[in-house]
Amino acid sequence: MMRRAAVTVQGMVQGVGFRPFVHGLATRLHLAGFVRNEPHGVEIEVEGSSSAVDAFVAQLKTSAPPLVRVQEVWVHEMRVAGDKTFEIRTSVRAGERTVLIAPDQATCEDCLRELHDPRDRRYRYPFINCTNCGPRYTIIRDVPYDRANTTMAEFEMCPRCRAEYEDPTNRRFHAEPTCCPVCGPRVELLDADGKRIACADPIEEAIHLLSLGRIVAVKGLGGFHLACDATHAAPVRLLRRRKQRDLKPFAIMVRNTQAAERICEVSDEERAALVRPERPILLMKKRSGHDIPDEVAPRSNSFGVMLPYTPIHALLMEGPFEALVMTSGNLTDEPIAFTNEEALDRLRNLADCFLTHNRAIHIRTDDSVARVIAGRQRFLRRSRGYAPFPVTLPVDTAGREILAVGPELSATLCLTRGPQAFLSHHLGDLENVAAYDAFLQAVEHLENLMAVTPRVVACDMHPDYGSTRYARSSGLPVIPVQHHHAHIASVLAEAGRTDQVIGVAFDGLGWGEDGTVWGGEFLVCDLAGYQRVGHLAVVPQPGGDVSSKRPARMGYVYLTAAYGEQAEKLAEELMPELSADERRVIAQQIERRVNCPRTSSMGRLFDAASALLGICSENTYHAQAPIELEAHAWDAGDESGVYTCNIEVEERGVCVVHASDIVRGMVDDFRSGVSRVTCAARFHNSIARATVEVCERIRDRTRLNAAALSGGVFANAYLLEHTMRLLEGESFEVLLNALVPAGDGGVCLGQAAVAAWRCKCV
Ligand code: ZN
Ligand code: ZN
Ligand code: FE
């Protein structure tokens with residue numbers, strides 16, 4: 001029986017090879033009709049046998065090309081029209097824009113094959129791409145997504161590229177950034193003064209300079225990297241000196257998974273994560289006997305590794321080096337440089353030369369950073385390759401679109417449209433002026449790309465965050481969301497849950513509602529609200545931020561809490577780097593309560609433990625002391641010892657965890673000769689055990705069985721895996737972040753979810 005159906009498809013379906021796929025599928029099934037792009041998605045009409053139409057609809061979802069994300073398919077029966085062929089029609093441009101913009105994707109296998117094929121016209125052409133790969137988010141200026149609205153607009157296609165672009169059977173059909181050596185962008189090599197270095201092949205020359213130990217700034221998808229040979233200590237040391245970065249590990253790029261396996265222990269999940277087209281930097285355990293010098297990732301037991309993701313990277317990695325350092329092109333704390341002018345200006349004292357090109361980057365986008373924890377890839381930073389792909393909320397925000405501006409550090413923001421929350425790239429620490437500018441730009445860019453004007457702004461409760469001030473001055477209704485509530489809400493949003501759970505939010509700091517700084521929090525919460533039902537016992541944080549930078553100060557605070565009078569003598573013994581003068585200042589700050597906030601921060605407790613074990617007394621980068629403490633814990637092997645800890649129940653039933661007990665157990669152990677690594681492991685185990693005990697008490701009272709864990713401290717794989725195992729052992733249902741970071745990069749999603757819920761209920 002003949003039948004005709006109109007099929008409307010929504011999702012990430014434009015600029016990703018969807019129409020040629022539809023054309024091929026329809027032709028194979030002997031269906032007539034047409035396909036065309038519409039502002040809200042792709043519209044198809046098919047006509048043929050009833051079974052073929054059914055097969056067509058089924059296969060739309062199951063056999064689409066790699067970048068396609070089909071979210072909704074609607075089918076309407078129509079009257080048979082008698083079409084004989086299937087064609088791709090030109091777009092009708094009107095109506096609302098709801099198509100998804102694709103993130104940037106690593107060069108695909110087909111393009112790599114052509115890149116290495118001497119007979120191909122794009123042989124060794126560093127900008128090769130197709131409908132399945134290449135730049136997207138970083139080059140889009142406006143929607144709809146076509147070439148005229150990207151930074152490729154100024155490159156007019158040559159006749160051969162144009163023919164491929166217009167041929168529905170070609171794999172470059174409507175690949176907007178398509179180009180070739182005749183018509184596309186070019187690489188060039190510039191010296192530190194921006195003068196062109198004469199050479200036959202800039203990439204060959206860059207390889208040569210890298211192998212001589214030089215530092216080369218390389219323009220990638222979302223910004224510039226600083227590259228040097230990672231297998232020799234001298235260039236890495238030089239780069240550290242120039243970047244003014246003593247200890248923070250550098251990311252490295254290796255040719256393929258085999259090369260990654262020579263320097264790291266790579267699990268199956270990690271291998272899969274490495275080769276994903278999103279190409280995150282993956283943190284993996286160093287393999288013993290690897291030949292990467294210490295300077296690359298000093299005092300760390302892991303390397304941050306990524307595989308090449310642009311054709312320029314693929315060609316560079318043909319050089320005679322096992323690995324290249326690829327660290328973002330900036331001075332510490334500044335955002336990554338992304339325009340040629342900016343790079344030449346800001347990186348001239350850092351790089352010896354610039355491997356750059358004339359395809360502009362419209363939106364700066366740092367590399368994403370991930371780690372496999374508890375069997376799944378989890379984000380430390382979600383940016384290139386993922387932005388702006390949305391997370392689906394459990395609440396529809398149509399007509400009540402929300403802009404969630406995030407917190408202050410590791411900021412991201414998000415914008416909702418219907419049930420979807422679109423997260424920006426990583427914006428950095430907003431206290432930095434350049435990062436705040438990037439924040440303003442990102443707001444405008446997302447609103448434009450998504451064609452959404454927000455009606456409500458969600459922000460942190462902290463009054464002094466740049467993002468909060470932005471929200472307050474926006475003129476829109478503002479919904480402040482408590483920081484740790486937002487952390488837990490981000491887990492709920494990911495899981496599509498609106499029920500009540502036990503939330504465990506551990507991080508460095510967040511604005512508390514009682515005048516203290518929160519960060520070791522147990523909440524009973526859902527999207528509507530929360531109740532604080534437990535927390536770490538409050539301790540002074542003398543000097544505020546000064547103590548976040550200097551873990552030894554928190555070590556001293558916890559010694560005082562644990563040992564009273566004896567603390568002086570112990571501090572002298574365990575942390576000689578903390579002078580008597582500094583101790584006196586701290587003691588005065590505590591006594592006079594001047595510049596001395598009180599905090600329940602779990603991050604500060606980890607700082608203290610790290611300093612007391614003589615591991616790290618100064619954070620030269622974010623969370624250094626806890627990161628180094630965790631590395632020690634892993635080295636202890638199967639250590640299951642714990643220190644006991646008093647959990648006091650206050651009159652309103654609030655559980656207070658007296659972590660100074662744990663500190664006393666650890667210090668006694670350490671002083672009696674127990675090794676540093678064993679102490680570090682037992683410290684972690686004790687926090688995990690105390691956490692589970694508090695969850696059990698909350699469950700006894702509330703009958704809630706789901707525990708959601710979030711907050712930056714849970715980037716600690718040892719802590720997360722141990723806590724999870726214990727919780728599951730007590731038959732809790734454990735919920736974790738997997739689509740957004742557990743750290744502050746995920747907070748905007750939680751803010752959006754809470755605001756969406758509250759708007760819905762008005
Ligand atoms: Zn490709
Ligand atoms: Zn061309
Ligand atoms: Fe946080």
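If you're wondering where the values come from, they're calculated on a predicted model, not measured in any experiment. As the structure lists them, so they are numbered: ligands from 1, and atoms in each ligand from 1.
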task: Answer yes if the ring centres of F173 and H23 are under 6.0 angstrom apart, and no otherwise.
output: no
field: R532 to F522, cation-pi by 6.0 Å centre distance and 45° axis angle
entry: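 So R532 doesn't make the cation-pi contact.
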message: Angle between ring planes, F439 versus Y436, binned at 30° and 60°: parallel, tilted or perpendicular?
response: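 Ring orientation of F439 relative to Y436: parallel.
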With the Fe ion (ligand 3) as the reference point, give the N/O/S atom of [X] that is nearest.
X	answer
D744	OD1
H483	NE2
D507	OD2

query: Rounded to 10°, how many degrees is the angle SG/C180-the Zn ion (ligand 2)-SG/C161?
result: 110°
message: I need the SG(C158)-the Zn ion (ligand 2)-SG(C183) angle, rounded to 10 degrees.
response: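 Seen from the Zn ion (ligand 2), SG and SG are separated by roughly 120°.
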task: State whether H484 contributes an N/O/S atom found under 2.8 Å from the Fe ion (ligand 3).
output: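 Here the distance criterion (N, O or S atom, under 2.8 Å) is not met by H484, so no.
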field: Basic-acidic side-chain contact under 4.0 Å: R122, D120
entry: no
message: Could you walk me through whether T356 and V187 satisfy the side chain to side chain contact (heavy atoms under 4.5 Å, CB included) test, starting with their C-alpha distance in whole Å, then the side-chain angles of each, then the deciding distance to 0.1 Å, before giving a yes or no?
response: CA-CA 6 Å; T356 180; V187 286; over 6 Å; no
